[in-house]
Amino acid sequence: MTETTSAAAEIPQAATQTPLSGSPISGTDIAGAANRAATTVADASPAATNLATSAADIAPAAPEITSALIVDATLWILIAFSAVTWALIMIKGIQHLRISHHNRAFSKKFWGAEDFQAASAIQGNNGPAARVAEAGFATLLEADGGTTTHDLEHTGDRQELLDRRLRQQMQKERSALEGGLAILATVGSISPFVGLFGTVWGIMGALTSISKSGSASLDVVAGPIGEALVATAVGIAVAVPAVIGYNFFIRRNKVIWAFLDDFSIDFVHLALKTAFLIKRQGYGAPAPSRSNEPVTRKPVIKTNHNELQPEGAQI
């Protein structure tokens with residue numbers, strides 16, 4: 001750049017050295033000025049050539065750095081997706097194991113009770129089925145208290161109120177079961193495309209490097225393109241477990257939902273047999289059994305009404 005500037009500055013100096021007055025200009029002066037200008041241009045040409053070569057060397061470096069960074073960022077994103085996927089699979093798997101255990105335990109206790117009143121006294125249970133039953137028993141107790149006719153929430157007869165409360169509790173259980181499945185569906189859908197994006201960008205950088213090297217042999221082409229294709233392979237490896245886990249838990253949710261639906265229908269039928277009434281004493285604590293207690297009878301005192309004479313007040 002310094003040589004180019006100095007060369008450009010010498011051209012006006014050569015022009016100013018040429019006399020502009022009325023003195024005659026000889027051919028020797030013109031030839032000397034032309035020689036000096038040609039020498040200045042010849043000196044400036046190598047500097048311009050070096051500047052163009054430096055720009056050509058620097059230009060491919062930016063795409064190479066950018067492509068490497070983008071491919072690395074894509075791989076790290078896919079690794080994060082994989083970690084989230086496996087964490088959700090483990091959490092949902094433990095959740096479904098616990099739900100199945102609690103539902104079986106409560107169903108065994110519920111259907112093993114003597115009657116509907118005794119079933120309302122079952123305590124110490126968890127799981128969706130137990131919570132649905134608790135909501136149903138609480139609704140029947142509330143209806144039995146006579147405080148359910150003063151607002152819109154409690155309008156309707158007892159069967160309608162019970163059906164509505166059971167459905168509301170079932171929707172809460174369904175929302176809890178579906179938690180996290182949207183993330184699995186998203187990861188399974190977008191992971192292949194994220195990997196493909198990294199592959200395309202990596203191939204662009206590889207082609208730029210190949211064009212710079214000027215060689216299109218197999219050993220030059222296979223390495224960079226093969227490294228770029230790793231992103232697509234990682235994207236597919238992340239998407240497959242997410243899709244499998246999503247489909248598996250969707251199926252399990254349908255089974256649990258069908259179980260709760262059948263249980264709610266049976267609960268309403270049992271409540272219908274008792275006219276949607278249960279005793280408050282039986283809710284929360286089992287009724288004490290009196291089968292083994294001895295029966296005691298108070299002696300009957302027979303009195304003759306004629307013997308009862310008013311004696312009046314005594315002072």
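We count residues from 1, following the sequence as given.
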Visitor: Considering residues at least two apart in sequence or located in another chain, which fulfil the salt bridge (Lys or Arg N to Asp or Glu O under 4.0 Å) criterion with R174?
Guide: E178
Visitor: Test side-chain contact (heavy atoms from CB on, under 4.5 Å) on L166 and T139; report intermediate values, then the result.
Guide: CA-CA 9 Å; L166 292 177; T139 303; over 6 Å; no
Visitor: About how many Å separate CD of Q95 and CG of L88, when rounded to the nearest 0.5 Å?
Guide: 10.5 Å
Visitor: Using residues 104-112 as the side-chain source, report each donor-acceptor pair under 3.5 Å to any protein atom, sequence neighbours left out, with the distance given to one decimal.
Guide:
| unit_1 | atom_1 | unit_2 | atom_2 | d |
| --- | --- | --- | --- | --- |
| S107 | OG | N103 | O | 2.8 |
| K109 | NZ | N125 | OD1 | 3.4 |

Visitor: So, does T199 use its side chain to make a donor-acceptor pair with the main chain of T232 at under 3.5 Å?
Guide: yes
Visitor: For H96, give me all partners under ring-ring contact (aromatic ring centres under 6.0 Å, His included), at least two apart in sequence or on another chain.
Guide: F249
Visitor: Who passes salt bridge (Lys or Arg N to Asp or Glu O under 4.0 Å) against R131, sequence neighbours left out?
Guide: E173
Visitor: Under 6.0 Å from the CZ atom of F248, do we count more than 12 heavy atoms belonging to anything else shown?
Guide: no
Visitor: For residues 185-193, which side-chain donor-acceptor pairs fall under 3.5 Å, sequence neighbours excluded?
Guide:
| unit_1 | atom_1 | unit_2 | atom_2 | d |
| --- | --- | --- | --- | --- |
| T186 | OG1 | A182 | O | 2.8 |
| S189 | OG | A185 | O | 2.8 |
| S191 | OG | V187 | O | 2.6 |

Visitor: Under the 3.5 angstrom rule, does the side chain of S82 hit a backbone N or O of L78 as a donor-acceptor pair?
Guide: no
Visitor: Show me the side-chain donor-acceptor pairs of residues 263-278 shorter than 3.5 Å, one per line, residues at least two apart or across chains.
Guide:
| unit_1 | atom_1 | unit_2 | atom_2 | d |
| --- | --- | --- | --- | --- |
| S264 | OG | L260 | O | 3.3 |
| S264 | OG | D261 | O | 2.7 |
| T274 | OG1 | A271 | O | 3.0 |

Visitor: For atom CD of Q171, is the number of surrounding heavy atoms from other residues, nucleotides or ligands below 6.0 Å larger than 12?
Guide: yes
